[in-house]
Amino acid sequence: MPYKMNDKIVNLTPYAPIEGDYKIRLDANESYFQLDPKKLKTAFLQNFNRYPDPFAKKLCKSFAMLYNVEEGYVTAGNGSDELISLITGAFFSEGDTLLTLSNDFSMYKFYGDVFGIKVDVYPKKADFTINLDNVIDHINKERIKGIIFSNPCNPTSLGMSRSDILKLATSVNALVIVDEAYMDFSDQSILDICHRFDNVIVLRTCSKAVGLAAIRLGFAVANERLTTALRAVKSPYNVNAITQSIGEIVLSDHAYIENCKADIIQNKNYLYQSLLGLKCSTSGIKMVYESQTNFIFIEMEDAKMVHGQLLAHSIAVRLMGKHLRICTGNSQENEELICVLKTILKGAEHASDNINT
Ligand SMILES: *Cc1c(COP(=O)(O)O)cnc(C)c1O
């Protein structure tokens, strides 16, 4: 008899981001800021024969100072992805239900499925906002063990208010995991008070505003009891020595991070206004969502065609059904995107004019 693989993994396929070399990459919500490698030199001047600090104490301290939280509430992870995986795997048992919202970050359901827990997907309203009272009722009625969602949301770019998040946390007897991957671009964080709740974990990442996607670094912030559990279930040396050192250097440079954030937000606002302009002057864009993040979510007449034509111009954005998710580039990249997009949309209009006449 051939070896029979576990049913839940037998049909899975590896995560595959778009491949190929594109001149302008606006598909993965990364930062366009490239750190000067010279600033990171000291990260490589250390002993590599010894294991790194299992609790990444200096790194957690830099994070704590930057965001004004107690370092005792901070756990570092190999990307916030690792923390999502850890939490779904360790805080839920078979038979427990994890609630996710739709649309939201796809990895939540993915990890829930991998760990064999039930994942219940609660739909958002047609405008992608959330009826909070209904969600709270649902959690309590269905005895949901935990809820995970991004705030602000990837991919919709919309944010929930801090007061709504706090209301959710106090209204349910369930773990509330708030993924604040994009909160550096918004102002509704609950980082400062999440330790007062016995059921709240906030996740942050260095992959977006901080511009360190390559080194894989994320953080969980929660009260002492949850933090102890998280530290206990993670693998001992989950954050490697180079990542710890680079993270410490960059997170300690508050002026650099403030400058990155301000610049990214400014370019995002330009992109937003330009897309609104294109929505008025062409017929290809149906909706431009207000953005609390570093990307814009737009509904298109023909998203697939536009996505394909942008790729043909060596510009990568993310195709999501009827929508495109476009991360802001620097000002030059944004200008080029808008120029190419305008040509594509005007071209599509002429093509349909010709068919109509
Ligand atoms: C990008 C992203 C992450 C992943 O962050 P890493 O720290 O790079 O693993 C997590 N959550 C959301 C919503 C994201 O968009």
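Positions are given from 1, in the same order as the sequence printed here. What you see is a predicted model; the values in this text were computed from it and never measured. Indexing begins at 1, ligand by ligand and atom by atom, following the structure's order.
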Give a yes/no verdict on whether any heavy atom in [X] is under 4.0 Å from an atom of ligand 1.
| X | value |
| --- | --- |
| Lys208 | yes |
| Glu82 | no |
| Phe295 | no |

Phe92 ring center near Phe115 ring center (under 6.0 Å): no

Within 6.0 Å of CG in Asp36, more than 12 heavy atoms from elsewhere: yes

Residue pair Phe219 / Cys206, side-chain heavy-atom distance below 4.5 Å: yes

Heavy atom of the protein closest to [atom] (residue, atom name, distance):
| atom | result |
| --- | --- |
| atom 8 (O) of ligand 1 | Ser207 OG, 2.5 Å |
| atom 9 (O) of ligand 1 | Arg216 NH2, 2.7 Å |
| atom 11 (N) of ligand 1 | Asp179 OD2, 2.6 Å |

Region of Ser80 engaging ligand 1 - heavy atom pairs below 4.0 Å: both

Partner residues of Leu319 under the side-chain contact (heavy atoms from CB on, under 4.5 Å) criterion, sequence neighbours left out: Ala303, Lys304, His307, Leu324

Partner set under side-chain contact (heavy atoms from CB on, under 4.5 Å) for Asp198, not counting sequence neighbours: Asn223, Arg225

With heavy-atom distances below 4.0 Å as the criterion, list the atoms of ligand 1 near [X].
| X | result |
| --- | --- |
| Gly79 | 7 (O), 9 (O) |
| Ser150 | 13 (C) |
| Asn154 | 13 (C), 14 (C), 15 (O) |
| Tyr108 | 13 (C) |

Cluster overlap Val200 with Leu226, hydrophobic side-chain contacts below 4.5 Å: no

Candidate with minimal heavy-atom separation from atom 7 (O) of ligand 1, of Thr205, Leu203, Ile148, Asp104: Thr205

Steps toward salt bridge (charged side-chain N to carboxylate O under 4.0 Å, His left out) verdict (Lys145, Asp120): CA-CA 11 Å; Lys145 190 82 180 177; Asp120 185 0; over 6 Å; no

Cation-aromatic face contact Arg204/Phe63, 6.0 Å, 45 degrees: no

N or O pair under 3.5 Å between Tyr182 and ligand 1: yes

Ionic contact status for Lys124 with Asp127, cut-off 4.0 Å: no

